[in-house]
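Quick note on labels: first sequence line is chain A, next is B, and so on, each numbered from 1.
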Amino acid sequence: MTEPKATSLAVHKLAFLDANALSIPVYQVLKQDGTLYKGAAKPDMDEATARRIYDNMVYIRVLDERMIAAQRQGRISFYMTCIGEEAAIIASAVAIDDQDMVFAQYREQGALRARGFTTEQFMNQNFSNEMDLGKGRQMPIHYGSNALHYMTISSPLATQIPQATGYAYAQKIRKTGQITICYFGEGAASEGDFHAGMNMAAVHGAPVIFFCRNNGYAISTPSDEQFKGDGIASRGVGYGMRTIRVDGNDTLAVYQATAEARRYALEHSKPVLIEAMTYRLGAHSTSDDPTGYRSKEEEAVWAMQDPVLRFKHWMVKNGWWSDEEEKAVYSKYRDDILSQLKVSEKIPAPQLEEMFTDVYDKMPQHLIEQYEALKAHVQQYPDVYPKTSGRLDA
Amino acid sequence: MSKMNLLQAVNHALTTAMEQDPHMVCFGEDVGHFGGVFRATSGLQEKFGKDRCFNTPLVEQGIIGMANGFAASGTTVVAEIQFGDYIFPAYDQIVNETAKFRYRSGNEFNVGGLTIRTPYGGGIAGGLYHSQSPEANFTHTPGLKIVVPRNAYEAKGLLLSAIRDPNPVLFLEPKRLYRASVGEVPETDYEIPLTVADVVQEGKDITLLAWGAQIEYAEKAAAMAAKDGISCEIVDLRTLLPWDRDTVAASVNKTGRLLVTHEAPITSGFGAEIAATIQERCFLSLEAPIARVCGLDVPYPLALEKEYIPDQYKIYEGIKRTMNF
């Protein structure tokens, strides 16, 4: 039997640690007016990177606006916006390598766009048509792309967290020189999978960045009903990993913290936790109505902290951005997205056979039989199944 | 009596039970002030306070684990899992704990006060993870009761019975019908007994057996078959575990034919259990093999949802095949 490790200092007076003994500060670089905080180091970000980040922010604002409108018009069934969290998602995605793996939760379309996911790919997924990489099987916003190293979204919360640990561990074993970033919300951090994934990453030394978007709400549940104690960051310390809390609406702070986290994770084959403090300015999803659980006043306070505007102010101060450019790019993306939307919504649904493929690598006999039976049924009732009946081989 | 939809009937049952039992609690994700994502618990926190109806952190295994412990004290609890698709992190708590509390302790302890409510089923453009019908994942677990209501009236009476039953109950609510199923529901307290199937429509040629949202498709198929002169008897099983074998067997002995329909995938679906039992009990009365019209053995798809659903057309064809055997 091994003796307990003598790593703790012994004391002989009864004393409990206070529940809030750990008080983790928030790293901030950029003020809302676009100037830097006193004492903040000059950011290590060149104009091309800044433009890349801002371009993605604008794109996602336009995409979200168009998709919300499309959902309200009944053209797509569902949508989730990123509004308010663009800095946290896009700056972190740009701070790592494009070959690094992304495990996202569902609100991280900005990270995917930063990797080069096209308007056509976004639209085809949201319209669940036969050109969708996911073959129209999942709800809108469940994107994924092997080519872009972006794991396909799964609705069940937090399941991606221990998977990210496993993927990162494989990157280490295979010596790929890459890491994994794993996004999740502060609500998902209550799931058992969060604790399993964090602990195993620390124990087994997986080069993974756990990136928590602490946006204040899990659907209607505010974070003060989700957890007590010093947020999610304190748990990183508890699991024995390097941890930082950043202002999630501060593009420069997020970028610097994530870049350093990547360097550390890769060099030491260890996980890092980043807790980005932000706010979900929109509804949870198009099925949700936040007026049932929070005030307009509260939303207005956070709208004043708009991360996109904050970053724009800094860009303008550097002479890297102008209102003319802003107008042009918004108008270009509105046109691009609208015209692709009109194309994608006319692309037919996947063929009937696609319901049965990919359950296994090859279709087993029982599925072949079920497919044949269903095909005959659809041919018998073509009007009941208009999406597929017109496209069956005779 | 007043007109209610299925959600309002669930809400009514919870209110009735909480009014009567001062220690009963309701909890789950978003069920507090917001009243749940479907609003089934709307107004409960206002009426009974934050100690008795509250939001939990987002952790299904924790919800059921805490509910098990609460119920083990001899107190009544209704725990909500937001979608049936998200019940699986709690699978260990349900299968190894909830179901075995009484047995393993020699009845020193039990969690009979626990009812787990969760919406199930498709037809709402929910794709893989907002559409599943997980009943058969649980019917394989002795110690649980499993109940599925088909409409608003049934939901209130069955839920009140489930809450008061001295055994843990998994109560699966057909979310497609939450707002679509509207009917007259008594304002008063009433119970519909568990493990008693309901003959929804009498007939003489074939028995259609279903539960929950699938009853609606069975009724439509029966109407189609009626035009061909086929008389269908429709039986709502209501409770899947333990199920009312006598009512089903009596019906099949009368009609000589059985078609079982459920939305969950056909392989290892609960229809297989029913077919096995009924062929034993009714072998000499059967004039055709027992038919199953069920979900396909694929994950629940989004774009091709309509094609996936075992709808009235598929059931109608199943009826004809069975009649013409």
Does any heavy atom of chain B fall under 4.5 Å from the side chain of [X], the backbone, both, or neither of them?
{"X": "A:A189", "value": "neither"}
{"X": "A:V359", "value": "side chain"}
{"X": "A:L352", "value": "both"}
{"X": "A:A218", "value": "both"}

With 3.5 angstrom as the limit, list the donor-acceptor pairs from chain B to chain A, or say none if there aren't any.
residue : atom : partner : partner atom : Å
B:D30   : OD1  : A:S220  : N            : 2.8
B:D30   : OD1  : A:S220  : OG           : 2.6
B:D30   : OD1  : A:T221  : N            : 3.1
B:D30   : OD1  : A:T221  : OG1          : 2.9
B:H33   : NE2  : A:G292  : O            : 3.3
B:N55   : ND2  : A:E225  : OE1          : 2.8
B:L58   : N    : A:Q226  : OE1          : 2.7
B:L58   : O    : A:E191  : N            : 3.4
B:D297  : N    : A:Q370  : OE1          : 2.9
B:D297  : OD2  : A:Q370  : NE2          : 2.8
B:L302  : N    : A:R137  : O            : 3.0
B:A303  : N    : A:G136  : O            : 3.0
B:A303  : O    : A:K387  : NZ           : 2.8
B:E307  : OE2  : A:T388  : OG1          : 2.6
B:D311  : OD1  : A:Y385  : OH           : 3.2
B:D311  : OD2  : A:Y385  : OH           : 2.6
B:E317  : OE1  : A:Q380  : NE2          : 3.2
B:E317  : OE2  : A:Q380  : NE2          : 2.9
B:E317  : OE2  : A:Y381  : OH           : 2.5

**Prompt:** Can you list the residues that meet the ring pair (Phe, Tyr, Trp, His ring centres under 6.0 Å) rule with A:F184, with sequence neighbours excluded?
**Reply:**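 Partners of A:F184 by the ring pair (Phe, Tyr, Trp, His ring centres under 6.0 Å) criterion, ordered by chain and then number, come out as A:F194.
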**Prompt:** For chain B, which of A:G292, A:G187, A:P156 has the most heavy-atom pairs under 4.5 Å?
**Reply:**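 Counting heavy-atom pairs under 4.5 Å, the top option is A:P156.
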**Message:** Tell me whether the count of non-hydrogen atoms from other residues, nucleotides or ligands lying under 6.0 Å of CE in A:M131 goes above 12.
**Reply:**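 12 or below, so no.
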**Message:** With a 6.0 Å cut-off (strictly less than), is the heavy-atom count around CE of B:M18, excluding the residue itself, greater than 12?
**Reply:**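 Counting other residues, nucleotides and ligands, CE of B:M18 exceeds 12 neighbours.
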**Item:** Partner chain A: residue of B:V37, B:I124, B:L304, B:I266 with the largest heavy-atom pair count (under 4.5 Å)
**Value:**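 Looking at each option in turn, the highest pair count goes to B:L304.
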**Nearest-0.5 Å distance that lies between atom CG in B:L58 and atom CD1 in A:I219** =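 With rounding to 0.5 Å, CG (B:L58) is 7.5 Å from CD1 (A:I219).
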**Request:** For residues A:M355 and B:P301, report the shortest heavy-atom separation together with the two atoms involved.
**Result:**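 Looks like CG-CG, 3.7 Å.
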